[in-house]
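Input: a single structure, listed below in structure tokens.
All ligand and atom numbering here is 1-based and tracks the order in the structure. Start at 1 with the first residue, then count along the sequence.
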Amino acid sequence: MYNFSAGPAQLPLPVLEQAAAELTDWQGSGMSVLEVSHRGKDFVACAADAESAFRRVANVPSNYRILFLAGGATGQFSAIPMNLAARGATAAYLNTGQWSKKAIKEAGRQGVDVRVVADESASAYTTTPEPGSFTVPVDAAYLHYTPNETIGGVEFPYIPDAGDVPLVADFSSTYLSRPIDVERFGVIYGGAQKNLGPAGLAIVVVREDLLGRAREDVPAIWDWKVMAEADSMLNTPPTFSIYLLGLILHWIESTGGLEAMGERNCAKAERLYAAIDASDFYNNPVQARSRSWMNIPFTLADPALDADFLAGADAVGLTNLKGHRSVGGMRASIYNAMPADGVTALIDYMTEFERTRA
Ligand SMILES: *Cc1c(COP(=O)(O)O)cnc(C)c1O
């Protein structure tokens, strides 16, 4: 089965096989990793290994902390203002789609003075702002943006320049999909369930000088500094997700690291866009320079054929291609774990469907 779900998403088969093999006897313990104490030496070593693997793979400098937190990316929509901005302080946001909007809404709920300095709603979220087309207030506590909008299939082709203002980025749907220049960011965060493992885990990479700016009344589990000091184990962390993240990071290393990952992901996306663009039957609405490598929405010329397209795809092992309800049509999410063969199978199916049904 090739699973094109936007998330939770397909995981690498070798990782699933290893996890299955270890499920009843992890490291000779006679127990699964699900059943051991998070404070025991085996799990502490497992979490430390996942952290150091993340640091190696993403080339995270030593002045950044890596936190494994519960609550997904959505939890961080609230944690970001609580950790970086006093009530009434200014925070700048770029609005490029549904996930940006959710982050903006939560910042408003935390009493931050939200300034949306670029807003792509006029294009129905099919664009990203031109570099240099927006101004970040110098007194902003941070600039937040969404490098990849999972629903619209819109991706920034550049890292926004925030000057001295800390840049905060929701990498959920493009996390470790290619090399990343961590030093350009104050905070990188995202849920694991698209590129890096099971749902429920947020991975937050925060520059050390940004720790300790939290409001006094922030709940301890949302306080990055408290969590950093507790090695992300103030309370029981999502242990299985952390274990699986470690396996996935080792899989990324064994397949050539982020350099090779980026090349494979770029090639997969280019082939699918080329197939869409070569046809009058399929259409992707996104501005060329802002097309996502991860989430590729497309419509059929005749929406009356959507149901047949999806049923036929399922029948040949291509599943979860239905587009988000706000966009319609189809969406192929082709994250790290989607093999090139899966994209080839999708293109073959699309070509055949068009030939026989258009
Ligand atoms: C999936 C997603 C989220 C939400 O993640 P949760 O783990 O469900 O909170 C946030 N931002 C982006 C860009 C996403 O793709």
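In this structure, K105 fails the cation-pi test against W99, since its NZ or CZ atom is not both closer than 6.0 Å to the six-membered ring centre and inside 45 degrees of the ring normal.
Looking at atom 8 (O) of ligand 1, its nearest protein heavy atom turns out to be Q193 NE2, 3.5 Å. The protein non-hydrogen atom at the shortest distance from atom 9 (O) of ligand 1 is T74 OG1, 2.6 Å.
Proximity of L245 to P198: side-chain heavy atoms (C-beta onward) are nowhere separated by under 4.5 Å. Residues R87 and R215 form a side-chain contact, since some pair of their non-hydrogen atoms from C-beta on lies under 4.5 Å apart. Between E253 and R56 the shortest side-chain heavy-atom distance falls below 4.5 Å.
Applying side chain to side chain contact (heavy atoms under 4.5 Å, CB included) to R291 and the options V154, L272, V286, I296 leaves one that passes, V286.
Judged by the shortest distance from any of its heavy atoms, I151 lies outside the 4.0 Å radius around the atoms of ligand 1.
When heavy-atom distances to ligand 1 are checked against a 4.0 Å cut-off, K194 comes that close only through its side chain, counted from C-beta outward. Contacts between F77 and ligand 1, counted as non-hydrogen atom pairs separated by less than 4.0 Å, involve the side chain only. Residue-level proximity to ligand 1 for T150 is carried by the side chain, the only part with a heavy atom below 4.0 angstrom.
Between A73 and ligand 1, a contact under 3.5 Å exists for at least one N or O pair. Ligand 1 has an N or O atom lying under 3.5 Å from an N or O atom of D170, backbone or side chain.
Atoms of ligand 1 lying under 4.0 Å from any heavy atom of G72, numbered from 1 in the order shown and given with element: 7 (O), 9 (O). Listed by atom number, the atoms of ligand 1 under 4.0 Å from N148 heavy atoms are 13 (C).
Side chain to side chain, S290 and T127 fail the donor-acceptor criterion of an N or O pair below 3.5 Å. Residues R331 and N295 bring no donor and acceptor atom of their side chains to less than 3.5 Å of each other.
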